[in-house]
Amino acid sequence: MNKDAWITVLLDDTVPDERIAFLLDLSYEAVAAKKPTRQGRAPRGRRG
């Protein structure tokens, strides 16, 4: 597993929730774009 693009976020209330949500969405989109599905590539955008 390539960890070159990993970041660390402290979950001690020093980082706003909105920023954490943004980083999670960004991370998911980066991974989902590379993951193949039955029809080709995974859909882009926010999961949910």
Side-chain angles (χ1 to χ4, degrees):
M1 191 176 300
N2 185 350
K3 296 181 183 178
D4 289 340
W6 285 28
I7 61 170
T8 300
V9 179
L10 295 176
L11 301 177
D12 61 357
D13 292 329
T14 59
V15 180
D17 291 345
E18 294 81 15
R19 182 68 174 169
I20 294 171
F22 170 78
L23 293 170
L24 288 170
D25 286 343
L26 192 65
S27 176
Y28 176 81
E29 289 175 9
V31 173
K34 296 177 184 177
K35 185 177 179 182
T37 63
R38 291 181 189 169
Q39 299 173 345
R41 294 219 174 252
R44 299 195 102 189
R46 188 178 180 140
R47 64 182 170 159

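We use all heavy atoms of the structure for the numbers below, so side chains are in, but hydrogens, waters and symmetry mates are not.
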Nearest 0.5 Å please: distance from the CZ atom of Phe22 over to the OG atom of Ser27. 11.0 Å
Asp17: which residues meet the side-chain hydrogen bond (donor to acceptor under 3.5 Å, both in side chains) condition with it, sequence neighbours left out? none
Common cluster, Ile7/Ile20, ILVMFWY with side-chain heavy-atom separation under 4.5 Å: yes
Does Leu24 belong to the same Ile/Leu/Val/Met/Phe/Trp/Tyr cluster as Val31, with side-chain heavy atoms less than 4.5 Å apart forming each link? no
Does any part of the side chain of Asp25, heavy atoms only, come nearer than 4.5 Å to the side chain of Leu23, both counted from C-beta? no
